[in-house]
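Notes follow the structure.
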Amino acid sequence: MVDWLEGLRRAEDGTALMYIAGEWTKASDNGSRTVYNPATGDVIAVVAEATLADGERAIRAARAAFDEGPWRSSSAHERALLLLRLADKIDEHAAELAAVDTMNNGKPLRESEFDVTDAANCFRYYAGLATKPHGQAFDVPAPSQTFVVREPVGVCGQIIPWNYPLLMAVWKMAPALAAGNVCILKPSEVTPLSALILASLMEEVGFPPGVVNVLTGAGPVVGHLLAESHLVDKIAFTGGTVTGRSIMQAATGNLKKISLELGGKSPNIVFADADFETAVDYALYAIYVNAGQVCSAGSRLLIERSLHDRFMERLVERATRIQVGDGFDPNTEMGPLITPAHMEKVERYIATGLAEGARLLCGGKRPEGALGQRGNYLLPTIFTDTTPDMRIVQEEIFGPVLVVQTFSDEDEAIRLANDTIYGLAAAVFTSDVAKAHRVVKQVRAGITWINTYHPTYNEAPWGGYKQSGIGRELGTFGFEEYTEVKQINVNLAVEQTGWYRH
Ligand code: NAD
């Protein structure tokens, strides 16, 4: 049998090591954390658990690498070559990386394979972008010349969640490294494995020591340290809105640059004139991919009232046929939830929905038999007959729970769509092009789709309005978040000002 975890660097006792200052290291107090497979509850690895002292060491290493190492003076061309080599390494190790994410996160293998391809292409995209023009030049009154350059921000703390373990690491590191920054990545406590393998590939292709550090440990400990440290210049975070708020507060001490990719409760708006089967299909895909553990999930289905009953009938018929199971089973279409604790949180939301008076159309429970007893599985769930004030309508559940709302016209659809604290994503299904654009224009969300849901590209900015975040990842926007802007004014006639009389 293939050992998919062969790529981890381990101590003699088997503990997977962290990567700090170009060295593979245990925790300063030898502490560790057990990592589980959510599909089975089996232990898959034991990983070093960073202490504050380890965090400080990583920060000092990154600081030294930025302030004194060769990286700062590397050319964009050199950085691009490294990123391209890394992308090729990811391709070489694609099967391993996909298997590790499925083993650690539970998502179906074909979803993980998708993530790995995306990860390699993200490095390629930023390798290309690194060498493209980034500055500006102005025609200013003679004898001056003014131009603008972009420079790296410096030491970047990067904190990521568990739902896309590899891809979130890459979305953070690729633009940061392309722009010449150094990184300290803190993966989620529950899914650190693919990030550690990525670090070993980075070491192999030759990133200088300290330029990339992977610190495995607790959010409130080393994550907080990264947010708080005065030696860190920027903090980039993806995760829950509550955590994002605490990171923002911790970051105020040295007013570090901050970008936040937070939660969502995104509306998927279906008008009666939409292509029926396409809209049904995407309504399922919008919520059940990655078992609903997607920040941009279409977790609120807004359906034109006249279509509701017919749509629900078909939706439920198809939702109940979704194959729930272990991500390694090729028949599986939806995997488990990440942890027992998270599954229980989602179950509490289901109980809340029932208590609030919403009507459960399907799911709402664990599968029957062995599957329901072993892993963290929940069946695809749909609630209708909701009111806008219900908690299941307003709050991010982050599981396979679709909440249906109805509307009678365009204005009501827009009002309901905008009626949460979030503004990450939104979609519209209709065959009326003008109506689609009118709705998209009025929806306050950073990522929108017309007659589709979920596709996103390395070239396009990712991020939210309102309490879904600050800043953007990916594309040129994501690159710019990792740069400082410097204006340079040159006097073309080197002579005195003549301003003072004596
Ligand atoms: P989380 O906020 O609990 O944890 C995210 C990361 O923050 C983890 O690495 C965790 O260790 C760390 N952390 C926790 N407390 C911290 C603290 N006090 N200081 C510093 N770091 C801390 O989120 P999660 O449960 O891992 O992920 C789910 C959430 O992530 C959802 O709300 C989801 O919407 C959001 N998410 C957003 C996007 C996006 O692009 N907008 C993408 C994926 C996930």
Side-chain angles (χ1 to χ4, degrees), residues 33 35 38 47 49-50 52 55 104-105 107 115 118 157-172 184-192 195 214-229 232 235-252 256 258-266 287 289-299 337-339 341-343 345-346 349 395-399 420-425 445-447 454 456 460-475 477-478 481:
R33 181 187 290 264
V35 176
V47 174
E49 174 84 352
L52 285 176
N104 197 180
N105 164 280
K107 63 177 72 181
D115 293 352
D118 241 17
Q158 304 179 312
I159 302 175
I160 57 169
W162 42 258
N163 60 343
Y164 289 85
L166 177 70
L167 201 55
M168 289 294 104
V170 172
W171 281 19
K172 294 266 178 290
I184 307 166
L185 179 82
K186 198 211 80 63
S188 164
E189 296 85 326
V190 288
T191 54
V214 177
L215 198 58
T216 51
V221 181
V222 284
H224 181 78
L225 176 74
L226 292 176
E228 200 175 41
S229 170
V232 174
I235 192 86
F237 170 74
T238 298
T241 295
V242 173
T243 317
R245 209 170 279 132
S246 100
I247 285 179
M248 198 167 172
Q249 276 161 358
T252 56
K256 56 174 65 66
I258 184 160
S259 45
L260 303 173
E261 301 290 343
L262 308 175
K265 192 75 182 178
S266 301
I287 182 64
V289 76
N290 206 2
Q293 303 166 121
V294 181
C295 51
S296 53
S299 50
L337 299 186
I338 190 71
T339 57
H342 184 59
M343 178 173 63
K345 180 179 158 198
V346 176
Y349 269 114
E395 297 176 21
E396 184 183 48
I397 298 175
F398 221 57
T420 73
I421 60 166
Y422 296 111
L424 188 57
I447 305 146
H454 278 320
T456 181
W462 182 270
Y465 283 28
K466 298 176 1 189
Q467 293 188 38
S468 287
I470 296 177
R472 293 292 181 272
E473 292 195 294
L474 298 180
F477 299 87
E481 299 268 342

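Computed from a predicted model, the values in this text were never measured in an experiment. Just so you know, ligand 1 is whichever comes first in the structure, and atom 1 is the first atom listed for that ligand.
Note: Glu481 CD to Lys172 NZ = 10.0 Å, rounded to the nearest 0.5 Å. Distance check: Gln293 CD to Asn105 CG gives 6.5 Å after rounding to the nearest 0.5 Å.
The closest approach between Pro220 and ligand 1 falls below 4.0 Å for a heavy atom of the residue. Within the 4.0 Å heavy-atom shell around ligand 1 one does not find Gly464.
Where the criterion is an N or O separation shorter than 3.5 Å, residue side chain and backbone included, Glu396 meets it with respect to ligand 1. The shortest N or O to N or O distance between Ser468 and ligand 1 is not under 3.5 Å. Taking only nitrogen or oxygen atoms, main chain and side chain alike, Gly264 does not reach within less than 3.5 Å of ligand 1. Considering backbone and side-chain N/O atoms, Thr241 never comes within less than 3.5 Å of an N/O atom of ligand 1. Residue contacts with ligand 1: Trp462 is placed with a nitrogen or oxygen under 3.5 Å of a nitrogen or oxygen of the ligand (distance criterion only). Between Asn163 and ligand 1, a contact under 3.5 Å exists for no N or O pair. Note: an N/O pair closer than 3.5 Å links Ile160 and ligand 1 by distance alone. At least one N/O-N/O distance between Gly240 and ligand 1 falls below 3.5 Å.
You'll find the side chain of Val232 reaches within 4.5 Å of the side chain of Lys256, heavy atoms only. Thr216 is not listed as a side-chain neighbour of Arg33, based on a closest heavy-atom distance of 4.5 Å or more. A 4.5 Å side-chain heavy-atom check between His454 and Val294 finds at least one atom pair inside the cut-off.
Atom 28 (C) of ligand 1 has its closest protein heavy atom at Phe398 CE2, 3.5 Å. The nearest protein atom to atom 17 (C) of ligand 1, hydrogens excluded, is given as Gly219 O, 3.5 Å; this is a heavy-atom distance. Atom 36 (N) of ligand 1 has its closest protein heavy atom at Cys295 CB, 3.5 Å. For atom 3 (O) of ligand 1, the nearest protein heavy atom (residue, atom name, distance) is Thr243 OG1, 3.9 Å.
With Ser259 contributing its side chain and Ile470 its backbone, the two residues share no donor-acceptor pair below 3.5 Å. Checked by atom type and distance alone, the side chain of Thr252 pairs as donor or acceptor with a backbone atom of Gln249 at under 3.5 Å. Lys186 places no side-chain N or O within 3.5 Å of a backbone atom of Gly157 that could act as its donor or acceptor partner. At least one donor-acceptor pair closer than 3.5 Å links the side chain of His342 to the backbone N or O of Phe398. Judged purely by atom type and a 3.5 angstrom limit, Glu189 uses its side chain to pair as donor or acceptor with the backbone of Gly219. Counting only distance, with no hydrogens or angles, the side chain of Asn290 and the backbone of Lys107 share no donor-acceptor pair below 3.5 Å.
Remark: atom 41 (N) of ligand 1 lies closer than 4.0 Å to at least one protein heavy atom.
Atoms of ligand 1 lying under 4.0 Å from at least one heavy atom of Leu424, given by number and element, are 41 (N). Listed by number with element, the atoms of ligand 1 under 4.0 Å from a non-hydrogen atom of Leu262 are 34 (O), 37 (C), 38 (C), 39 (C), 41 (N). For ligand 1, the atoms closer than 4.0 angstrom to any heavy atom of Pro161 are 24 (P), 26 (O), 27 (O), 43 (C), 44 (C). Close approach of ligand 1 to Pro187 (heavy-atom distance below 4.0 Å) involves ligand atoms 9 (O). The contact set between ligand 1 and Gly223, taken as ligand atoms under 4.0 Å from a residue heavy atom, comprises 19 (N), 20 (C), 21 (N). The Ile247 neighbourhood of ligand 1 comprises atoms 19 (N), 20 (C), 21 (N), with distances under 4.0 Å to a heavy atom of that residue. Here is the list of ligand 1 atoms found below 4.0 Å of a heavy atom in Ser246: 18 (N). When each atom of ligand 1 is checked for a heavy atom of Thr238 under 4.0 Å away, the hits are 5 (C), 36 (N), 37 (C), 38 (C), 39 (C), 40 (O), 42 (C), 43 (C), 44 (C).
Thr420 and Lys466 are not linked by any side-chain donor-acceptor pair at a separation below 3.5 angstrom, with hydrogens and angles left out of the test. For the residue pair Tyr422/Glu396, the side-chain donor-acceptor check at 3.5 Å is not satisfied.
Under the side-chain contact (heavy atoms from CB on, under 4.5 Å) test applied with Ile184, the options Ile159, Leu225, Leu215 reduce to a single match, Leu215.
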